[in-house]
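What follows is a set of notes on a single structure, which appears directly below.
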2 protein chains.
Amino acid sequence: MNVEEIIKTSKKMPLESRTLIHITLIHNKIYELIGNALKPFEVSLQQFNVLRILRGQKGKPANLSTLNDRMVTKMSNTTRLVDKLLAKGYVDRCVCPSNRRKVEILITESGSQALTQMDKVVAETENEIVQHFTKQELEQLNLLLDKF
Amino acid sequence: MNVEEIIKTSKKMPLESRTLIHITLIHNKIYELIGNALKPFEVSLQQFNVLRILRGQKGKPANLSTLNDRMVTKMSNTTRLVDKLLAKGYVDRCVCPSNRRKVEILITESGSQALTQMDKVVAETENEIVQHFTKQELEQLNLLLDKF
DNA sequence: GATAAATTTTTGTTAAAACAGAAATGAAGG
DNA sequence: CCTTCATTTCTGTTTTAACAAAAATTTATC
């Protein structure tokens, strides 16, 4: 990925700016490719992430704030995101008996099965995105990214 | 930035996934911090980028497709984005005389002045974001990011 | 020159995100 | 108990983005 080529500039930009633009461009690429991979399942990346979090709960229900905590991109409308998964039958939602302010959200069998399919295409896409990296380079990259 | 801590997971995830989540988290941080820095000027990051592109034109008008080409995040609604800058008096827009399909967009004096102010806070924010990097590390990071 | 095709921008519609505030419930203190 | 405050979720509103199609103009072809 050549930053200057993509944003069609010949100017030399400060290394700091270039780095941040670079990250944004890569993020756009990730978002687009994984979004496309998920399109056949009619779920957004966010919905996919929620499903993965729910699976990670291993049967323990999650409430909305737990979901929000663990989501990569936080948002205030997690309610409506879960609404959509509910409409697809991928999750169940009910009021928490011990604290009726909270809700309990669980992935359904149908959601689990769909998620297994999604995992495959997403993993493929992820591998495709990082295909030019050696394992060592990825480790090095992660170390550098940790500095943010 | 500790990925595992932010998304509150203790599970060991594949290096490929961790890298991509990492990029997304950093992007969110960049977007949030620069967005906040621009808030006093009531422009979005996208609007700020358009203004910078227009300044880069050095008086030469840009049409919408040129803007789109050079934008970091492409979008189909550049028209409406320019509408907003127009409403703030930061740009001028008129039909291109030599090809009446096109429009010519120019940054105004007022836009230039505002942009100078924005540049300051954005540069400060950018430096803040990469404050834990040495110049050498930034170069190394850019080399790795080029591999995407 | 008329017709078809291509380019560029605009508009309409729907979906998603951001922001703020309301509603419901629970906890704490008098 | 009653009031106040805190927590959690939901709802309403406004922006922004994504997608598709329409409108206007130019270019190409017959």
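In this text the structure is predicted, and so the values were computed from the model without any measurement. Residue numbers begin at 1 in each chain, while the letters A, B, ... track the order of the sequences.
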Are any protein N/O atoms closer than 3.5 Å to N/O atoms in nucleotides 23-25 of chain D? If there are, list each pair with its distance.
from, atom 1, to, atom 2, distance (Å)
D:dT25, O2, B:Arg101, NH1, 3.4

Salt-bridge present (A:Glu124, A:Lys120; N to O < 4.0 Å): no

Comparing A:Asn36 and A:Arg93 on DNA chain D - which has the more 5′ nearest nucleotide: A:Arg93

5'-most by nearest nucleotide on DNA chain C - A:Ser76 or A:Gln47: A:Gln47

Close side-chain approach of B:Leu67 to B:Asn49, heavy-atom, < 4.5 Å: no

Nucleotide C:dT14, atom C1' - distance to CD of A:Glu42 in whole Å: 14 Å

Length of the CG-P vector between B:Leu45 and C:dA18, whole Å: 13 Å

Whole-Å distance separating the CG atom of B:Asp83 from the P atom of C:dG12: 12 Å

Side-chain donor/acceptor of B:Asn77 to base of D:dA18, under 3.5 Å: yes

Whole angstrom value for the distance that separates P of C:dA16 from CE of A:Met71: 14 Å

B:Lys102 or B:Arg80, whichever maps to the more 5' nucleotide of DNA chain C: B:Lys102

Short side-chain N/O contact from B:Lys39 to OP1 or OP2 of C:dC19, under 4.0 Å: yes

Side-chain touch B:Ile129/B:Ile34, heavy atoms, less than 4.5 angstrom: yes

A:Glu4 bridged to A:Lys12 by N-O distance under 4.0 Å: no

Separation of atom NZ in A:Lys74 from atom C1' in C:dC19, rounded to whole Å: 18 Å

Rounded interatomic separation in angstrom, taking NZ from A:Lys84 and P from C:dA15: 9 Å

Whole angstrom value for the distance that separates P of D:dT7 from CG of A:Asp69: 14 Å

Sugar-phosphate, base or nothing in reach of B:Ser65, heavy atoms under 4.0 Å: sugar-phosphate

Interatomic distance, A:Glu32 CD vs D:dA18 P [rounded to whole Å]: 10 Å

Minimum side-chain heavy-atom gap A:Met13-A:Val3 below 4.5 Å: yes

Lys/Arg N to Asp/Glu carboxylate O, B:Glu42 vs B:Lys88, below 4.0 Å: no

Main-chain N/O of B:Asp69 paired to B:Lys74 side chain as donor or acceptor, under 3.5 Å: yes

